[in-house]
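Notes for the one structure printed next.
When reading the values below, keep in mind they use all heavy atoms of this one structure, side chains included, and skip hydrogens, waters and symmetry mates. Order of appearance sets the numbers: ligands from 1, and atoms from 1 within every ligand. Starting from 1, each residue takes its place in the sequence as its number.
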Amino acid sequence: MTTIPLQDRVRRTARRLALTAGLIAGTIGPAAAANLTVACSALGTESDLCREAAQAWADETGNTVEIVHPPNAASEQLALYQQLLAAESPDIDVLQLDVVWPGILGDHLLDLAPHLPDGTLDGHFPATADSVRSGDAILALPWFTDAAVLYYRSDLLAEHGLDVPETWDDLEAAAAVVQAAERAAGNDRFWGFVWQGRAYEGLTCNALEWVASEGGGTFIGPDGSITLDNPAAARALDRAAGWVGTLSPPGILTYAEEDARAVFQSGDALFMRNWPYAYALGQSPDSPIAGSFDVAPLPRGAGPEARHAATLGGQHLAVSAYTRHPDLAADLARFMTSEAVQRERAIAGSFAPTRPALYEDAAVLEAAPFLAFLPATLREAVARPAAVTGTAYNEASAIVYGAVHDVLSGNADGAARLAEAHGDLMQLSRGGRW
Ligand code: GLC
């Protein structure tokens, strides 16, 4: 899809919404024109979609909007926001916020409640809406949700008479068969499974899936207890360490989302763990794998406690407490998270809406058919322990992904390294952080 029709459609929608909100009626006219800055990621189509929606709002309100892109990798993005916000910088008005950050950045976010019409959070998944509230305050508006899924090459599985994997054992077996066959056929770069193994937030998400799918818990329980040092968790990490350099490239230890997508989308991997955004890009006309892949729930582990476990992710839009334009910035965030814009983002970019109604929208399901099973995946999805750890979440996550990265790198085995990480988390929590 080209960007022009999308922009036109968003503009028409903007006009409708702006009329409803009384913006065109002169509440905010040229006299009040302001220049706002939105910080949003640039993963795949994100940059264009973000710019088009913001521009549609700007056109209709007579303001101007500038788009800036923080680094794509979650942990680097957070570090930059922390710097900017600690300096109380008014340079960014609206910022894209990972679902695990409101507890960390809360003090620097504008309470949107006084700046928005009542009922702004209606129509979102109730759990998602609740996650952006803090008492009566609204710290952010849900923009899209994320639950990790398994991308698989349907053509190659069919060619080898293999089923979509149900368990990690199935995935390993299928990956070994197809990787050997592709290599024998001359594709030396072909790998069985790509995912995110860099030491950053994305690795915490991957590891949570491996561990939770084996019944090994969520590192830190909802009551704050530290649970990561257990045999199922150690087994899960040791299993993943066995993939590095065998079914997954050695370089996986530096991969974030876009690195995995680059390999899968070039046709050089059988399976990929990624978020929904990779679907639209993989099906785009210039993609070598368009029409040759599909999406399924992530595999489950083995044993009585095993389950399918997808990490719950997603992004909100928040307004900086240091904005010079609180009303306008809140309105821009409201517009960009509206049903119409979420619908466009789902159709053009397979971004999973936070609004249940859109999972019944024919055009959305036609563009991204896997969104039909996503609500079920979301209901079962595993949340990271961000709420219970509050401001310490980022440090807790760094302890987790640091330990996991060591195990993947072959520097320690799962049990020993998890015992050490348990001690580090105890120390952090004893400092009174949760
Ligand atoms: C995605 C998810 C986010 C997660 C990040 C990790 O952006 O939406 O919740 O923290 O990936 O890389």
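Closest to atom 4 (C) of ligand 1 among all protein heavy atoms lies Asp98 OD2, 3.2 Å. Glu257 OE2, 2.6 Å is the protein heavy atom nearest to atom 12 (O) of ligand 1. Of the protein's non-hydrogen atoms, Asp146 OD2, 3.3 Å is the one closest to atom 2 (C) of ligand 1. At the shortest separation from atom 11 (O) of ligand 1 among protein heavy atoms lies Trp275 NE1, 3.0 Å. With hydrogens left out, the protein atom closest to atom 7 (O) of ligand 1 is Gln315 NE2, 3.0 Å, a heavy atom.
Tyr401 places none of its side-chain heavy atoms less than 4.5 Å from the side chain of Asn206.
Ligand 1 has no atom lying under 4.0 Å from any heavy atom of Phe144.
Electrostatic pairing of Arg198 and Glu76 counts as a salt bridge here, judged by a charged N lying under 4.0 Å from a carboxylate O. A salt bridge links Arg239 with Glu214: at least one charged nitrogen is closer than 4.0 Å to a carboxylate oxygen. Salt bridge status for Asp130 with Arg133: present, with a side-chain N to carboxylate O gap under 4.0 Å.
Each of the following atoms of ligand 1 lies closer than 4.0 Å to a heavy atom of Gly202: 6 (C), 12 (O). Which parts of ligand 1 touch Gly314 is read off a 4.0 Å heavy-atom cut-off, strictly below it: atoms 2 (C), 3 (C), 8 (O), 9 (O).
For the residue pair Thr167 / Asp170, a side-chain donor-acceptor distance below 3.5 Å is found, with atom types taken as modelled.
Only the side chain of Arg384 comes within contact range of ligand 1, with a heavy atom under 4.0 Å; no backbone atom does.
The aromatic rings of Phe271 and Phe193 stand perpendicular to each other, their planes meeting at an angle above 60°, with 30° marking the opposite boundary. Between Phe125 and Tyr359, the two ring planes are tilted [angle within 30° to 60°].
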